[in-house]
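We name chains A, B, ... by the order of the sequence lines, and we start the count at 1 in each one.
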Amino acid sequence: KRQAFLKVFNEVNTHMRKIFALLSPGGEAYLVLQNPDDPFAGGVDINASPEGKKVKSPRAMSGGEKSLTTLSFMFAIQQVSPAPFYLLDEIDAFLDPANVQRVAELISDLSEKWQFIVVSLRDVMIARAKTLIGVYSREGISNTIRLNLEDLVKVLTSEGVELE
Amino acid sequence: KRQAFLKVFNEVNTHMRKIFALLSPGGEAYLVLQNPDDPFAGGVDINASPEGKKVKSPRAMSGGEKSLTTLSFMFAIQQVSPAPFYLLDEIDAFLDPANVQRVAELISDLSEKWQFIVVSLRDVMIARAKTLIGVYSREGISNTIRLNLEDLVKVLTSEGVELE
Amino acid sequence: VFVEKLVLRNFKSFGPRKVTINFTKGFNAIVGPNGSGKSNVADALLFVLGNLSSKTLRAETFSGLIYDGPHGKPTSASVSLVFDNSNREMLIDADEVVIGRDVLSNGRGRYKLQGRTVTRWQIIDFLDTANIHLDGFNIVQQGLIAQLAQMDPLERRKIIERMA
Amino acid sequence: VFVEKLVLRNFKSFGPRKVTINFTKGFNAIVGPNGSGKSNVADALLFVLGNLSSKTLRAETFSGLIYDGPHGKPTSASVSLVFDNSNREMLIDADEVVIGRDVLSNGRGRYKLQGRTVTRWQIIDFLDTANIHLDGFNIVQQGLIAQLAQMDPLERRKIIERMA
Ligand SMILES: Nc1ncnc2c1ncn2[C@@H]1O[C@H](COP(=O)(O)OP(=O)(O)OP(=O)(O)O)[C@@H](O)[C@H]1O
Ligand SMILES: Nc1ncnc2c1ncn2[C@@H]1O[C@H](COP(=O)(O)OP(=O)(O)OP(=O)(O)O)[C@@H](O)[C@H]1O
Ligand SMILES: [Mg+2]
Ligand SMILES: [Mg+2]
């Protein structure tokens with residue numbers, strides 16, 4: 001039981017270290033057992049230092065830093081036993097454009113092996129996708145339409161919205 | 001006591017109706033007393049129909065619809081007894097670009113009378129501001145710099161980030 | 001194996017006509033305005049994969065998943081999920097594997113696999129062999145990342161335990 | 001009256017040198033990468049206006065608000081908020097009204113108004129006359145909109161009650 005747990009724990013940790021280093025260059029994040037001698041007597045902490053300096057207290061971390069740390073944990077868990085497809089709904093809500101770009105690139109790489117279906121409101125994320133599915137509603141009725149990137153530009157600018 | 005409450009309740013409601021109509025054209029949202037005869041025996045509900053059709057059940061509303069409804073309530077409360085300045089931190093996280101634009105225009109109008117300091121990661125919001133304060137950190141030390149819109153474009157594109 | 005398409009019939013805002021959403025391998029992005037129906041697509045996936053909590057799908061009861069529009073409410077809703085199984089990763093000798101689920105106004109419903117009515121457990125076991133688990137992290141709903149970010153260390157350990 | 005500038009000395013990530021942030025009337029936007037210090041500016045405002053909960057300012061204790069860097073921690077932190085009072089909306093006959101607050105490593109601190117040490121209550125009463133209230137909605141922290149969206153009807157009524 002303990003062996004099985006430690007095996008998975010170490011796998012998640014290995015993936016998390018690698019992924020966080022991609023999402024937060026120069027930084028590091030990893031899991032820590034609160035009770036290394038008896039894992040089940042404690043929980044699992046995350047130690048994160050986004051800029052590679054001293055570990056940041058979780059309370060003081062910014063919304064985006066917590067988001068990147070949490071996303072690294074999520075992707076790491078997925079990588080331990082990958083599913084053939086993933087649906088991620090607005091995981092980029094608290095990321096600045098540069099970080100959205102890093103997550104988009106990670107998803108783009110992973111999507112060579114596993115299918116990703118990503119709901120996003122962020123152009124930086126959307127621009128990285130291979131296939132764009134536009135959802136719209138008229139009088140409360142939803143429908144979809146295949147879009148290419150030129151359509152997207154037209155849709156966003158015709159609504160008088162400057163591109164982000 | 002009850003008179004005073006109803007007076008404020010009606011004021012908030014008047015502002016909320018007006019503001020929601022701006023943020024969600026064609027839609028309406030307003031407050032409802034659960035117990036009209038004895039307001040203090042019940043709470044206050046929000047009835048919202050973002051597209052002007054039947055009122056939507058709060059549970060089924062989308063993240064962005066709930067956000068716009070909540071923002072209308074927030075702006076309405078502010079308008080009842082305005083403060084000289086407002087600081088709003090990432091209120092646009094769940095809004096699509098067109099809705100960010102509407103909130104940005106509302107803030108732009110209100111800012112003629114009251115000072116607004118808005119933290120945002122969304123270019124559509126930032127582009128509407130009169131003054132841009134750039135915050136950056138080097139080795140964990142934060143500092144600020146005055147930016148104009150051309151600087152912002154350079155900063156975002158030089159990081160290899162396509163404008164949203 | 002990957003998701004080839006989703007066929008929605010009277011499911012939430014996708015009614016009253018049938019809507020077919022086509023996906024490709026790789027990186028798909030679902031885009032559109034607030035309230036258009038993007039998260040309802042995620043709900044459709046969770047529904048057809050056997051989710052047992054209507055509240056998770058943002059409906060009071062399962063019958064609340066049936067499209068409710070101005071011209072009365074249909075008697076049933078259904079979702080069909082078509083997998084492209086050309087690589088035979090799924091243990092069925094067919095290029096397309098179809099999982100279906102419907103729900104009636106009385107809240108009851110059936111599951112189907114390749115057109116044959118089966119039990120929910122048969123669907124769950126079959127998906128298991130393709131490494132698709134309802135409580136894995138392969139469908140990340142809107143807002144889950146923010147919830148995960150608040151997770152306490154004991155819950156985090158339980159997530160890892162369950163994977164072991 | 002409006003906020004003319006904020007002067008931060010060893011406050012959270014704004015250390016160890018003094019940082020002055022200048023604002024203008026109208027619409028100001030604070031921009032920058034995740035973790036750069038934008039929300040720390042909001043915390044500085046809440047701090048100097050008399051907030052009594054260090055956890056609200058994302059610090060374990062008030063001494064946690066003092067800049068903590070690689071070269072040791074200073075013994076105190078301070079924030080000065082300078083209002084442009086040219087229109088004499090504030091009941092002090094001066095073009096600039098300065099509110100200050102500091103905190104020492106032992107968690108104690110003082111408040112200042114126009115350079116004179118005053119009590120917290122004197123600050124709160126003075127701000128009241130300018131319609132600045134700590135529990136009004138004039139400072140909306142990151143994540144508050146999402147919390148407000150989940151608010152139950154009784155809490156919503158209490159918000160309105162407190163305004164009456
Ligand atoms: N049974 C139903 N019949 C008709 N419409 C429904 C039904 N259930 C939900 N809806 C509508 O679907 C809409 C929500 O859609 P959804 O949550 O998918 O939006 P979204 O595109 O994800 O938006 P956001 O970007 O704001 O998250 C709501 O307006 C809701 O009223
Ligand atoms: N006492 C302190 N000394 C040094 N750094 C601190 C201190 N308190 C907080 N910080 C740092 O400040 C940073 C958080 O800044 P802040 O929350 O303002 O970021 P932000 O710009 O709002 O980011 P986001 O866009 O992600 O919300 C964290 O990296 C945190 O470690
Ligand atoms: Mg959604
Ligand atoms: Mg912040």
>> Show, in sequence, the C-alpha distance, side-chain angles and deciding distance for K25(C) and E112(A), and conclude whether the salt bridge (charged side-chain N to carboxylate O under 4.0 Å, His left out) test is met.
In response: CA-CA 8 Å; K25(C) 285 180 119 175; E112(A) 296 190 20; over 6 Å; no
>> Assess the residue pair K12(C) and D68(C) against the criterion (salt bridge (charged side-chain N to carboxylate O under 4.0 Å, His left out)); give the C-alpha distance rounded to whole Å, side-chain angles, the decisive distance to 0.1 Å, and a yes or no.
In response: CA-CA 7 Å; K12(C) 301 191 79 185; D68(C) 195 2; over 6 Å; no
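Neither the backbone nor the side chain of M61(A) has a heavy atom closer than 4.5 Å to any heavy atom of chain C. Heavy-atom distances place both the backbone and the side chain of S81(A) under 4.5 Å from chain C. Of the two parts of Q142(C), the backbone and the side chain both hold a non-hydrogen atom closer than 4.5 Å to a non-hydrogen atom of chain A. Neither the backbone nor the side chain of R138(A) has a heavy atom closer than 4.5 Å to any heavy atom of chain C. Within the 4.5 angstrom heavy-atom criterion, only side-chain atoms of V12(A), from C-beta onward, approach chain C. Interface residue I159(C): only side-chain heavy atoms are found under 4.5 Å from chain A. If you measure heavy-atom distances from L45(C) to chain A, the contacts under 4.5 Å come from the side chain alone. Contact annotation for N22(C): both backbone and side-chain heavy atoms come within less than 4.5 Å of a heavy atom of chain A. Both the backbone and the side chain of F5(A) come within contact range of chain C, with heavy atoms under 4.5 Å apart.
When each of L46(C), I139(C), N34(C) is scored by its heavy-atom pairs under 4.5 Å with chain A, the top score falls to I139(C). Among I141(A), I91(A), N143(A), the residue making the largest number of heavy-atom pairs under 4.5 Å with chain C is I141(A). Note on T131(A), I145(A), L71(A), L110(A): by heavy-atom pairs under 4.5 Å with chain C, the leading option is T131(A). Counting heavy-atom pairs under 4.5 Å between each of V8(A), V80(A), L87(A) and chain C puts L87(A) at the top. No other option in L8(C), N40(C), L144(C), I132(C) has as many heavy-atom pairs under 4.5 Å with chain A as I132(C). Interface check for chain A: of the options I145(C), I30(C), T24(C), T20(C), the most heavy-atom pairs under 4.5 Å are formed by I30(C). Put simply, of N131(C), V31(C), L154(C), the one with the most heavy-atom pairs under 4.5 Å next to chain A is V31(C). Contact tally against chain C (heavy-atom pairs below 4.5 Å) for F40(A), F73(A), F75(A): the top residue is F40(A). Between chain A and the residues A42(C), G35(C), G143(C), the largest count of heavy-atom pairs under 4.5 Å involves A42(C). Each of P82(A), A104(A), P58(A) has some count of heavy-atom pairs under 4.5 Å with chain C, and the biggest count is that of P82(A).
Side-chain N/O atoms of D45(A) and Q34(A) include a donor and acceptor closer than 3.5 Å. Counted by atom type alone, R101(C) and Y111(C) present one or more donor-acceptor pairs between their side chains at under 3.5 Å. A side-chain N or O of D89(A) and one of S39(C) form a donor-acceptor pair less than 3.5 Å apart.
In this structure, R88(C) pairs ionically with D93(C), as a charged nitrogen and a carboxylate oxygen lie closer than 4.0 Å. Ionic pairing of E90(A) and R122(A) is not present here: no N-O contact between side-chain nitrogen and carboxylate oxygen is shorter than 4.0 angstrom.
Between the S108(A) side chain and the E105(A) main chain, no donor and acceptor come within less than 3.5 Å of each other.
Between F2(C) and F83(C), the distance from one ring center to the other does not fall under 6.0 angstrom. Aromatic ring centroids of F116(A) and F27(C) lie 6.0 Å or more apart.
Residue R108(C) qualifies as open at atom CZ: its count of foreign heavy atoms under 6.0 Å is 12 or below.
A side-chain hydrogen bond (donor to acceptor under 3.5 Å, both in side chains) with D102(C) holds for exactly one of R110(C), R9(C), K112(C); it is R110(C).
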